[in-house]
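Everything below concerns the one structure shown next.
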Amino acid sequence: MDKLKARSDHPLDALLRTDRIPHIWCSGCGIGTVFASCLVAMQTSGIDLNKTAMVSGIGCSGRGAGYIKLDSYHTTHGRAIPFATGMKLANPELNVVVFSGDGDLFAIGGNHFIHAARRNVELTVICVNNLNYGMTGGQAAATTPCMAKTPTTPLGNPETPFNLPLLAYASGASYVARWTILHTRDLTKSIEEALTRRGFSFIEVLAPCPTGYGRRNKEKPLDSLRLYQERTVIKNGADPSDVILDYQQGITLGKFIDHERPTFLDSYDKTCRINF
């Protein structure tokens, strides 16, 4: 019996709501890999997990908050960052992680993202970028590649997608990185770094969505991984304005920004509490 129990134990059991497993993510989806990397990083970073909370919005990635065995909040669509900001301001001792998708964070939630980065609110924001609104049918999102096919762009997407690292940097983020689910060791290390940094940290993670994006663009999960292997180049310290995400020309990965500046709480305390 002891041997059977030992074999059934999983290294992440302490952080997983195992009663909610199996998860809802589709076969070939990359969200589970990002989620596992996040949990491993939480364990190895040394942060106090009793003072750690995960916040997510609506979408496939937003389900992460429901599977973690910590304080967690599955918020309304696009509102993960303002919820997380409120938690951090109410209890500055908390480690607050925002785990959500590109649609939630950069379409309906885009305005919240740029202002949290501008203020340098002490959050770790992990964006699983699967290039579409995966949960609601695969519609075109703010990150959908130009000419990619979706239910709302059946002839091809005519719009230019956001460059997320550049947007984060231009908005004021203190830590900015991009990885893929194929680069799990780099990703885990990056999340670990972000968790221990002061200020607003942002990590974009490219992940396949075979159900919503892949089948309409004739891209199978292994095809996505092949793209991540053959068309990516790691350029740590690259200027975010030169970071590209083009599945024809290439994809730039790495840690682009890592500097310290006063956090929102630093500035608030200095301005509003110094005389009290």
Side-chain angles (χ1 to χ4, degrees), residues 26 28-31 34 56-62 76-81 98 100-118 125-173 176-181 202-221 223-224 226-228 231-233 238-253 256-257:
C26 302
C29 171
I31 298 172
V34 186
S56 69
I58 300 301
C60 299
S61 302
T76 48
H77 199 189
R79 305 299 185 256
I81 286 179
V98 176
S100 205
D102 53 296
D104 183 74
L105 290 172
F106 288 97
I108 188 170
N111 198 48
H112 295 302
F113 180 92
I114 61 176
H115 288 294
R118 174 180 66 85
V125 179
I126 300 168
C127 174
V128 184
N129 184 0
N130 59 15
L131 310 178
N132 74 128
Y133 284 100
M135 178 169 279
T136 55
Q139 301 96 324
T143 55
T144 303
C146 189
M147 296 313 297
K149 293 182 179 180
T150 74
T152 50
T153 58
L155 300 179
N157 179 29
E159 301 175 356
T160 300
F162 275 139
N163 177 337
L164 299 187
L166 177 58
L167 179 59
Y169 167 65
S171 300
V176 180
R178 174 197 280 157
W179 300 103
T180 79
I181 64 158
F202 172 70
I203 301 173
E204 176 188 14
V205 191
L206 301 177
C209 176
T211 301
Y213 181 87
R215 63 193 175 98
R216 292 184 176 85
N217 292 281
K218 299 181 180 179
E219 182 180 304
K220 297 179 180 179
D223 295 333
S224 302
R226 191 172 293 110
L227 289 173
Y228 298 160
R231 298 187 184 177
T232 56
V233 58
D239 187 327
S241 62
D242 296 329
V243 169
I244 62 171
L245 174 51
D246 188 311
Y247 284 87
Q248 302 302 318
Q249 297 182 42
I251 304 167
T252 309
L253 306 179
F256 310 126
I257 300 297

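Bear in mind that the values here come from a model prediction, so they are computed numbers and not experimental data.
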Derivation of the side-chain contact (heavy atoms from CB on, under 4.5 Å) call for Glu204 and Val176: CA-CA 8 Å; Glu204 176 188 14; Val176 180; over 6 Å; no

Test log, rule side-chain contact (heavy atoms from CB on, under 4.5 Å), inputs Asn217 and Leu131: CA-CA 11 Å; Asn217 292 281; Leu131 310 178; over 6 Å; no

Derivation and outcome, side-chain contact (heavy atoms from CB on, under 4.5 Å), residues Asn132 and Arg216: CA-CA 11 Å; Asn132 74 128; Arg216 292 184 176 85; 5.8 Å; no

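Partners of Thr144 under the side chain to side chain donor-acceptor pair (under 3.5 Å) rule, at least two apart in sequence or in another chain, do not exist in this structure. In this structure Ser61 satisfies the side chain to side chain donor-acceptor pair (under 3.5 Å) test with no other residue, sequence neighbours excluded. Residues meeting the side chain to side chain donor-acceptor pair (under 3.5 Å) test with Arg118, sequence neighbours left out: His115. Listed by chain and residue number, Thr136 satisfy the side chain to side chain donor-acceptor pair (under 3.5 Å) test with Gln139 (two or more places apart in sequence, or in another chain). The ring-ring contact (aromatic ring centres under 6.0 Å, His included) check on Phe256 picks up nothing, with sequence neighbours excluded. In terms of the salt bridge (Lys or Arg N to Asp or Glu O under 4.0 Å) criterion, residue partners of Asp223 (sequence neighbours excluded) are, by chain and number, Arg226.
For the residue pair Ser100 and Leu105, the shortest heavy atom distance occurs at CB-CG, 3.9 Å. Closest heavy-atom contact between Ala168 and Ala117: O-CB, 4.3 Å. Minimum heavy-atom separation, Ala238 to Val243: CB-CG2, 4.3 Å. In terms of heavy atoms, Gly137 sits closest to Pro151 at O-CG, 3.1 Å. Closest non-hydrogen pair, Gly28 versus Pro208, comes out as O-CG, 3.5 Å. Across Ile108 and Arg79, no two heavy atoms sit closer than the pair O-NH1, 3.6 Å.
Here the side chains of Thr143 and Leu164 are in contact, with some heavy-atom distance below 4.5 Å. For the pair Arg231 and Gln248, the minimum side-chain heavy-atom distance is below 4.5 Å. Between Cys29 and Thr211, every side-chain heavy-atom pair lies at or beyond the 4.5 Å cut-off. Between Pro158 and Thr153 there is a side-chain heavy-atom pair separated by less than 4.5 Å. Under the 4.5 Å side-chain criterion, counting only non-hydrogen atoms from C-beta, Arg178 is in contact with Leu245.
We find the CG-CG distance between Leu166 and Asp239 to be 8.0 Å, quoted to the nearest 0.5 Å. Considering SG of Cys209 and CD1 of Ile31, their distance stands at 7.5 Å, rounded to 0.5 Å. For the atom pair Ser56 OG and Ile81 CD1, the distance stands at 12.0 Å (nearest 0.5 Å).
The environment of OH in Tyr228 is crowded: more than 12 heavy-atom neighbours from other residues, nucleotides or ligands sit within 6.0 Å.
Of the options Thr180, Asn129, Ile126, a side chain to side chain contact (heavy atoms under 4.5 Å, CB included) to Val205 is made by Ile126 and by none of the others.
Between Phe106 and Phe113, the angle of the ring planes lies from 30° to 60°, which puts this pair in the tilted group.
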